[in-house]
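Every value quoted in this text rests on a predicted model; they were computed, and no experiment measured them.
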Amino acid sequence: MLYRDAGQFKTGYAADMAVFPLREDRLGLALILLIAFVVVPLTGSAFFLNVVMIPFLIYGLAAIGLNILVGYTGLLSLGTGGFMGVGAYACYKLTTAFPDVNIIVWIFASGIFSCLVGLVFGLPSLRIKGFYLAVATLAAQFFLSWAFQRVPWLYNYNVSGAIEVPTRTLFGAAVTGPNASPAVRYLVVLSTVALLTLLVSNVVHGRIGRMWMAVRDMDIAAQLIGIRLLPTKLLAFAVSSYLCGVAGALLVFMWYGSAEPDVFNINLSFTILFMVILGGLGSLLGSFLGAGLIYLLPIALRTISPAVGLDIAPSSIEHATFMIVGALIIIFLIAEPHGLARLWQTLKQKLRVWPFPY
Amino acid sequence: MLKRALAAALIGGTFAAAPVPASAQEGIYVPLFTYRTGPFSGSGTHIANGMRDYLTMLNERDGGIGGVKLIIDECETGYDTKKGVECYEAVKGKKPVMVNPWSTGIALPLIPKAAVDKIPILSMAYGLSASADGTRFPWIFNPPNTYWDGASMIIKHIGQQEGGLDKLKGKKIGYIYLDAGFGKEPIPLLEQLAKDYGFELKMYPVASTEMQNQASQWLGVRRDRPDYMIMYGWGALNPTAVKEAVKINYPMNKFISVWWPSEDDARGAGPGAKGFKTLNWHATGTEFPALKDIEKHVLGKAGSQTQKETFGEVLYNRGVYNSLLIAEGIANAQKITGKKQVTGEDVRRGLENLNLSAARLKELGFEGFADPIQLSCSDHNGHKAAFIQEFDGKTYVKVTEPITPLTEKVKPLLDAAAKEYAEKNSGWPARTEPCDKSS
């Protein structure tokens, strides 16, 4: 009744091919952006911005990066943590070597380095597929983890072996370091993530996205209709690692404030992969939904039990969280194997015909 | 499907609207970052129990400190940096008087925040060694000694065994450590000492994911045959290392660890672990009035998770010592400011004027528990002596007199590291906090 396409006529090809053909969808998106850009920074507490929103957006971006590879192109990768680390360490090296250049420039530039590394480790993807490719990217993960530990040049020979984020400013306001206000950091992260998501949305809905999906669905058929496999797959690796690299730089510079090499271990790769699988393969919205489910659910469980007056020891909550999140993941996968994004689509379909379903 | 989705959306909505925990009620808010879960819980649980029980005892026996109740709030970090930062953000709004990260990895990102949020950090004998420099790190405290002090004390002890530090020339000393911020800390000092005394340093890093599988490291030990082994381990690393050392028949009296292994860590390796040595700076056992009070007021009551047999063990007492510093910092702050309800800024001053003299320790019921310690504005550590204790098959027994650190070697390195840290973090604030002259 409220959400339907009756009466909305498409008068041109552009309107017909729009990402959001329905007026309600466009209004909803505008509303979400308005809330994200205006309401949240004005009303959110420091805890909400620092612990909930900033990590959620960063994980969302990383999940989009991996989704390009796994969801759109069908190449299984376990090297996400490593690629994120390359971005973080590149950003650290760049900003300590050239402290006068704006940090935002370096955050975007650091993605290029992880993009190059991704290209190198993407080369075998032409010859190997599926689980074998996963093993090849696993090698990338282990090699990069090793490098973060063992190449002291990467962390500027710090005694602690960790990288520490110096204070950098933008228009006179501190963006990184301890003095940066949560709202400023949130807005920087949000703008970066929103901009990159918009770009990726255009890429995956265009010719390149179709090429990736053709390769994913059947690479021999794709080759027969004239898609060159190697450049297509390498492009997917490049775009994916670029996004992961930027996410990694944001992770350290906007959230942690310092990072040990252990941050970018194999667990991070798996976490992002689970976000992509649960959220929905081949869906940008799904990347955010998956990041929300995996990252925010434990936090919600932790905050909710004291809030409703349950006095449980934090360690018991921690154990319970593991079990509840695990169970929920299984339940979601049984209820909707195609992820949360498909759930949302089903919901929209139902809404269109509500209240007279057929 | 629609109903289910709606339900999911509703649940999601509730989560999003979940209120940020209300600010603390009347009382002094002391958050404890603990880990009773995960691969480091074997060590963390004892520490958490000790810290919690002493503070609970103060609440039960004295009604808090200076008549103000302590609000004790545990936050589970699992020794995970990400969760530690999350814990910090969660407690920040409740005006904590200090934070005890209990992980070098968590301490590192919090160090720059401390001065901005006005929350002192007490990282007792862990964390950044260089943060002992109070003029550059006014908000960080790491008494009673740093990892560098620890390493120098172990080398000194080895020298004593050999009949003088000059006898170390040509010896081979192995260093097995957790390959993280913590284990890497003493490396620059060990390298420096190796150069000065002419011994050869062999390193055996253990990744935190491989803690329970150290076969390759100990194969290396068997091949290299180091004359002594030094260990900087935590969590599951310690028991595994002791077991492997027993397995290859490494002479246990030449295997010396920094202060972190518990009784359980050595016990698991069976009778072969007899003679295993660790550093320590406080007593084990329960024969102290304060611990008797814990037994009377806390043990077995609601809220305490301590098992009777771990009460008085080395890591439990370590936790108690940590809480002793917390309580003394708060009590000092109350004395200096004359206020009952103190803030983080007051407690920073309280810690800076910390003076646990022998008389004060006796007054608190800790006579002979640990050496007296006094901090100052420039020295946030004390660089106190520690002794070597030996495992006798059941418990640790003190076997040496307190060994003082090689201050003349540690001090220049410490100053250089503190200076370098401040320089690398451009815009590191110069100390503006005035120094109290009362002590």
Side-chain angles (χ1 to χ4, degrees), chain A residues 45-48 50-52 55 96 99 145 149-150 156 158-162 164-167 177-179 182 255-263 265-267 292 296-297 299-304 306-307 313-319 322 332 335-336 340 343-344 346-347 350-351 354 357, chain B residues 1-2 4-6 8-9 12 14-16 18-21 34-38 41 45 48 73-76 78 81-82 85-86 89-90 92-93 104-105 108-117 128-130 179-181 184-185 187-188 205 207-209 305 417 420-421 424-427:
Chain A
S45 68
F47 177 81
F48 184 69
N50 276 335
V51 176
V52 177
T96 46
S145 282
Q149 292 262 17
R150 291 273 170 268
N156 281 355
N158 273 348
V159 177
S160 54
E164 283 131 3
V165 174
T167 302
N179 288 306
W255 179 20
Y256 282 3
S258 94
E260 292 182 277
D262 220 31
V263 167
N265 62 9
I266 181 83
N267 286 347
L296 296 182
L297 198 59
I299 294 186
L301 289 173
R302 273 199 287 277
T303 23
I304 232 168
S315 49
S316 320
I317 295 182
E318 192 67 22
H319 287 301
F322 269 115
F332 268 114
E336 187 49 76
L340 298 171
L343 216 58
W344 171 243
T346 321
L347 181 73
K350 299 260 181 194
L351 266 178
W354 184 80
Chain B
M1 189 53 80
L2 175 60
R4 206 180 298 156
L6 273 178
T14 334
F15 284 166
V20 177
T34 57
Y35 33 105
R36 298 171 186 272
T37 63
S41 58
T45 311
D73 188 12
E74 276 190 40
C75 189
E76 175 71 30
T81 306
K82 179 174 64 202
V85 174
E86 185 194 319
E89 294 294 341
K92 197 168 82 178
T104 299
L108 290 176
L110 300 190
I111 285 172
K113 297 187 192 208
V116 179
D117 299 331
L128 191 70
S129 293
D179 203 358
K184 281 182 186 167
E185 272 279 332
I187 292 175
S208 63
T209 45
Q305 302 178 34
E420 195 190 319
Y421 184 96
K424 269 188 187 165
N425 289 272
S426 57

Item to check | Side chain, backbone, both or neither of B:Pro112 within contact of chain A (heavy atoms, under 4.5 Å) | outcome: both
Next on the checklist: Going by the rule side-chain hydrogen bond (donor to acceptor under 3.5 Å, both in side chains), which residues pair with B:Lys92 if we only count those two or more places apart in sequence or in a different chain?
Outcome noted: B:Glu89
Item to check | Side-chain ion pair, A:Asp262 and B:Lys82, N-O less than 4.0 Å | outcome: no
Checklist outcome for this item: One should read off an interatomic distance between B:Leu108 CG and A:Glu164 CD, to the nearest 0.5 angstrom, of 6.0 Å
Next on the checklist: Would you say that B:Asp179 contacts A:Gln149 through its side chain, given a criterion of any heavy-atom pair below 4.5 Å between the two side chains?
Outcome noted: yes
Next on the checklist: Could you measure the distance from the OG atom of A:Ser316 to the CD atom of B:Gln305? Nearest 0.5 Å is fine.
Outcome noted: 6.5 Å
Checklist outcome for this item: Heaviest contributor of heavy-atom pairs below 4.5 Å to chain B, chosen from A:Ile299, A:Val263, A:Leu340, A:Val52, is A:Ile299
Checklist entry - Where is the tightest heavy-atom contact between B:Pro109 and A:Tyr256, given as atom of each residue plus distance? => result CB-O, 3.6 Å
Item to check | Rounded distance [0.5 Å steps], NE2 in A:His319 versus OG1 in B:Thr37 | outcome: 5.5 Å
Checklist entry - Hey, what do you get for SG (B:Cys75) to CD (A:Glu318), rounding to the nearest 0.5 Å? => result 9.0 Å
Item to check | Under 4.5 Å from any heavy atom of chain B - which part of A:Asn267 | outcome: neither
Next on the checklist: Check this for me: A:Trp255, atom CH2, are more than 12 non-hydrogen atoms of other residues, nucleotides or ligands nearer than 6.0 Å?
Outcome noted: yes
